[in-house]
Amino acid sequence: MGFTEQRFNVNLSILFTELPLLERPAAARAAGFTAVELWWPWLDSPTPEQSELDSLRAAVEDAGVRLTGLNFYAGQLPGPDRGALSVPGAESERFRVNIEVAAGLAGSLGCGALNALYGNRIEGVDPAEQDALALENLVLAARAADRIGATLLVEALNRPESPRYPLVSAPAAVEVVDRVNAATGLDNARFLMDLYHLSMNGEDLPSVIDEFAAKTGHVQIADNPGRGAPGTGTLPLADHLDRLRKAGYAGWVGLEYKPGDRPSAEAFDWLPREAR
């Protein structure tokens, strides 16, 4: 089947970044896509002005695309941070005040998935203390997601690029998902399966797919090495996505790759326009 049987959305925090934020939804639509996702766009503010939220909402609606995924506040991303919810002190508080803001924006656009990046380990802080704080905050996030009918996503990153991030394997992230669901009873936490990150960790992707497809709420792809478009590396991404479909995954596949030294609009030549 290849790529033609999938539903793809474009991550506007890594693609089309040569354009101002409010121009990216229309650029994705012009490239043939009907759905987009975003990291939290306001890196320095978990609570941007209402006018900024309204402008982004209007840009998405006016472009005629659907927002299918949004990150909660995660600190400087891209940058040194990998989330805020397990970081004691000010960052954790910033995450908490962002929960209702992010859920409100997502709910107003019919967005069904909210991604909560766990956060780095902090020197001098007991990991058990961070994990307890993380669970508290993930429970709050799961409840907010439930109020808008959305899924809470927990993502595994990769150790080479995120050496202080504790969730650097599929089992580690799924364990957190299970703890959140047990704590809330809502069963709306799911694994975000990023095939690039898992491949960077050296995980056996077919085995991960077979074991965890049923607990997966979203999939993201980039080729490896290089984090470029499919076909620029060595990952058999079409085969992996076929395997996911056969395992029962029918959700969106997020394109979270770097366009390389070309405009983002030219970085989709691997995907027939009718499949976008």
Side-chain angles (χ1 to χ4, degrees), residues 37-40 46-47 67-75 77 81-122 125-157 165-194 197 208 211-220 247-252 254:
E37 62 183 36
L38 276 165
W39 303 341
W40 185 248
T47 54
L67 183 69
T68 54
L70 178 67
N71 281 21
F72 288 106
Y73 169 80
L77 186 74
D81 301 325
R82 296 292 186 271
L85 64 91
S86 69
V87 180
E91 279 300 273
S92 173
E93 291 303 317
R94 287 160 74 86
F95 176 84
R96 289 194 184 200
V97 299
N98 173 251
I99 290 174
E100 294 300 333
V101 178
L105 177 60
S108 71
L109 287 167
C111 174
L114 286 159
N115 184 26
L117 284 170
Y118 202 80
N120 289 326
R121 291 301 194 206
I122 305 301
V125 178
D126 184 349
E129 177 186 339
Q130 287 196 253
D131 291 339
L133 176 62
L135 183 59
E136 290 179 17
N137 284 334
L138 285 167
V139 165
L140 294 173
R143 289 172 177 159
D146 181 67
R147 287 193 288 273
I148 64 167
T151 297
L152 174 72
L153 299 173
V154 177
E155 183 175 8
L157 302 183
Y165 190 81
L167 308 184
V168 287
S169 73
V174 171
E175 181 181 350
V176 172
V177 166
D178 290 343
R179 286 204 301 265
V180 174
N181 285 331
T184 66
L186 297 171
D187 196 38
N188 70 330
R190 292 291 182 271
F191 176 41
L192 195 168
M193 184 185 292
D194 186 310
H197 288 308
V208 168
E211 186 172 359
F212 298 121
K215 294 187 176 184
T216 297
H218 186 46
V219 172
Q220 292 174 333
Y249 179 76
W252 292 96

Original post:
Which atom pair, heavy atoms only, marks the closest approach of I148 to C111?
Top reply: CD1-O, 4.1 Å
Subject >> Nearest-0.5 Å distance that lies between atom CD1 in I99 and atom CG in L140 >> reply: 5.0 Å
Original post:
Can you tell me how far the CD atom of Q130 sits from the CD1 atom of I122, to the nearest 0.5 Å?
Top reply: 5.5 Å
Original post:
Can you find a pair of side-chain heavy atoms, one from V101 and one from P46, that are under 4.5 Å apart?
Top reply: no
Original post:
Do R82 and E155 touch side chain to side chain, with heavy atoms closer than 4.5 Å?
Top reply: no
Original post:
Between P166 and A172, what is the shortest heavy-atom contact and its length?
Top reply: O-CB, 4.4 Å
Subject >> Heavy-atom pair with the smallest gap, counting every atom of S92 and L85 >> reply: OG-O, 4.2 Å
Subject >> Within-4.5 Å side-chain heavy-atom neighbours: S86 and F95 >> reply: no
Subject >> Beyond-backbone contact of F72 with L152, side-chain heavy atoms, under 4.5 angstrom >> reply: yes
Subject >> Contacts of D131 that satisfy side-chain hydrogen bond (donor to acceptor under 3.5 Å, both in side chains) - sequence neighbours left out >> reply: Y118, R121
Subject >> Residue pair V180 / A142: nearest heavy atoms and the distance that separates them >> reply: CG1-CB, 4.0 Å
Subject >> Polar side-chain atom of E91 near backbone of A84 as donor-acceptor pair, under 3.5 Å >> reply: no
Original post:
Say you draw a straight line from CG of L138 to OG1 of T184; how long is it, rounded to the nearest 0.5 Å?
Top reply: 10.0 Å
Subject >> Shortest non-hydrogen contact from A173 toward L167 >> reply: CA-CD1, 4.4 Å
**OP:** Could you list the residues that satisfy side-chain hydrogen bond (donor to acceptor under 3.5 Å, both in side chains) with T47, not counting sequence neighbours?
**Re:** none
Original post:
Do D81 and L117 come close enough that some side-chain heavy atom pair is under 4.5 Å?
Top reply: no
**OP:** Would you name the heavy atoms of S108 and L105 that are closest together and state the gap between them?
**Re:** OG-O, 2.8 Å
Original post:
Taking C-beta and beyond as the side chain, do E129 and L133 meet within less than 4.5 Å on heavy atoms?
Top reply: no
Subject >> Check: W252 main-chain N/O paired with H218 side-chain donor or acceptor under 3.5 Å >> reply: yes
**OP:** Could you tell me whether a side-chain N or O of N181 sits under 3.5 Å from a main-chain N or O of N188, the two making a donor and an acceptor?
**Re:** yes
Original post:
CG/L186 to OG1/T151 distance, rounded to the nearest 0.5 angstrom?
Top reply: 11.0 Å
Original post:
Say you draw a straight line from OG1 of T68 to CG of L109; how long is it, rounded to the nearest 0.5 Å?
Top reply: 11.0 Å
Subject >> Gap separating the NE2 atom of H197 from the OH atom of Y165, nearest 0.5 angstrom >> reply: 8.5 Å
Subject >> Check: E175 and D178 side chains under 4.5 Å, non-hydrogen atoms >> reply: no
